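Okay, structure first, notes after.
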2 protein chains.
Amino acid sequence: MLAPQRPMKARRQSVILDVVQRESIRSQEQLRRRVCAAGFDVTQATLSRDIREIGLVKGGASGAYLAPGGVAPNGKTAESLLLRAASEYLLRVDRVQQLVLLHTGLGQAQPLCVALDAARLPEVVGTVAGEDTVLVIAPDTRRAKMLTGRLQTAMGEGTGQDLGK
Amino acid sequence: MLAPQRPMKARRQSVILDVVQRESIRSQEQLRRRVCAAGFDVTQATLSRDIREIGLVKGGASGAYLAPGGVAPNGKTAESLLLRAASEYLLRVDRVQQLVLLHTGLGQAQPLCVALDAARLPEVVGTVAGEDTVLVIAPDTRRAKMLTGRLQTAMGEGTGQDLGK
DNA sequence: CGAGGGAAAGAATATTTATACAGACCGATG
DNA sequence: CATCGGTCTGTATAAATATTCTTTCCCTCG
């Protein structure tokens, strides 16, 4: 033990929660890298214990770690909230004609969908939130493409595909 | 493999869901014993795959497997409710590429849609319920086919519930 | 001050879970 | 019928996770 350990554990666990909500974490090793990058030098064993204490849950279709209750970030303007939600929840964007599929971690489609609705973008006619995906119906293919690009930018880097089926 | 494997998988997964809800299962080996006892000779590998498909989640304070979305106190799972809803309302299933159309009697699309959403199937990205039709968007054609088959089976099997209870 | 207790965490390891691979089994097709 | 394509599964194994054991650091008493 080198580092001081007063509120250490609590802060670390908070970081863990944050990381897990921000991106899709599928192993403790992957998580460890993130947490280390955030300045906490931890081992897998400790993470295993932390995860249990926090009550994180692993599995679902995505196989990622999830926070049980879901998340509710505090309000900003609709637009900035959407950007924030996109950067936080959005994992991938696909488009099929005028339909856009937004992929998130399990249970995160709902908050993203709410943010998207609230933003009232002209490209969005309607949305349907699944468990880990939001279906967005755009007026036409052109605007679906616009939306796709916009969200991919917000996401940070576009990993999505654009199948024209 | 000697036994026939028609709706095998679906039944087995349904049993898994039941077992997991009935008692605290903390490992696949433990689950395997229960499922075997229910008449399904199955290996850990298959359970691992089933668990992912069903969308079960492991962790939390208990470290047990959980059905996402909480547990119904009366013991009815979202899955069994869906089977019941399907057998009751579903008249026909069509598929067009990755879109699945569920036909019901007038005014019955909504309840079926609710059941479908609650089941959180991995093949279901999102749903839109009309008056007598539910549109289901699957991630791709393959899973749309899976869903189609599954629902047609449920539709044919009248009373939905399985053996072993 | 010097036990004694307890939380915290690393190292090593046991246990558990996911996966690569291959075989069996349809169903459709030519 | 032979073949191809798909799904489903078991076996063996890799990968991931939980746990045991041990040490280090505070505290709190006496």
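Note on naming: letters A, B, ... go to the chains in the order of the sequence lines (proteins, then strands), and numbering restarts at 1 for each one. Please read all numbers here as calculations on a predicted model, not as lab measurements.
- Put simply, CD on B/E29 is 11 Å from C1' on C/dT15, counting in whole angstrom units.
- Side chain of B/K58 to backbone of A/G59: no donor-acceptor contact under 3.5 angstrom is found.
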For nucleotides 19-22 of chain C, print each protein N/O atom paired with a nucleotide N/O atom at under 3.5 Å, atom names and distance only.
none

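- In this structure, the CD1 atom of A/I54 is 14 Å from the P atom of D/dT17, given to the nearest Å.
- When the side chain to side chain contact (heavy atoms under 4.5 Å, CB included) test is applied to B/Q44, the partners found at least two apart in sequence or on another chain are B/Q28, B/S48.
- Between A/R52 and B/G63, the shortest heavy-atom distance links the atoms NH2-CA, 3.9 Å.
- Note on B/Y65: a side-chain N or O is less than 4.0 Å away from OP1 or OP2 of C/dT17.
- Put simply, A/Q28 has no side-chain N or O that comes within less than 4.0 Å of OP1 or OP2 on D/dA15.
- Residues forming a salt bridge (charged side-chain N to carboxylate O under 4.0 Å, His left out) with B/R34 (at least two apart in sequence, or on another chain): B/E23.
- Note: CG (A/L56) to C1' (D/dT17) measures 14 Å, nearest angstrom.
- Residue B/I16 contributes atom CD1, which lies 13 Å from atom P of C/dT17 at whole-angstrom precision.
- Under 4.0 angstrom from either OP1 or OP2 of C/dT17 there lies at least one side-chain N or O belonging to B/K58.
- Distance CZ (A/R11) to P (C/dA8): 15 Å, rounded to an integer number of Å.
- When rounded to the nearest whole Å, the span between CD of B/Q30 and C1' of D/dA18 equals 15 Å.
- When heavy atoms are screened at a 4.0 angstrom cut-off, A/D41 is found touching the sugar-phosphate backbone but no base atom.
- Closest approach of A/V136 and A/L102 over heavy atoms only: CG2-CD1, 3.9 Å.
- A straight line from CZ of B/R32 to C1' of D/dT9 spans 14 Å, rounded to a whole angstrom.
- At least one side-chain nitrogen or oxygen of A/R12 sits closer than 4.0 Å to the OP1 or OP2 atom of C/dA9.
- Across the protein-nucleic acid pair, A/L47 atom CG and D/dA18 atom C1' stand 13 Å apart, rounded to whole Å.
- Remark: A/R32 engages A/E29 in a salt bridge (charged side-chain N to carboxylate O under 4.0 Å, His left out) (not counting sequence neighbours).
- Contacts of B/A45 classified as side chain to side chain contact (heavy atoms under 4.5 Å, CB included), with partners at least two apart in sequence or in another chain: B/T43, B/R49.
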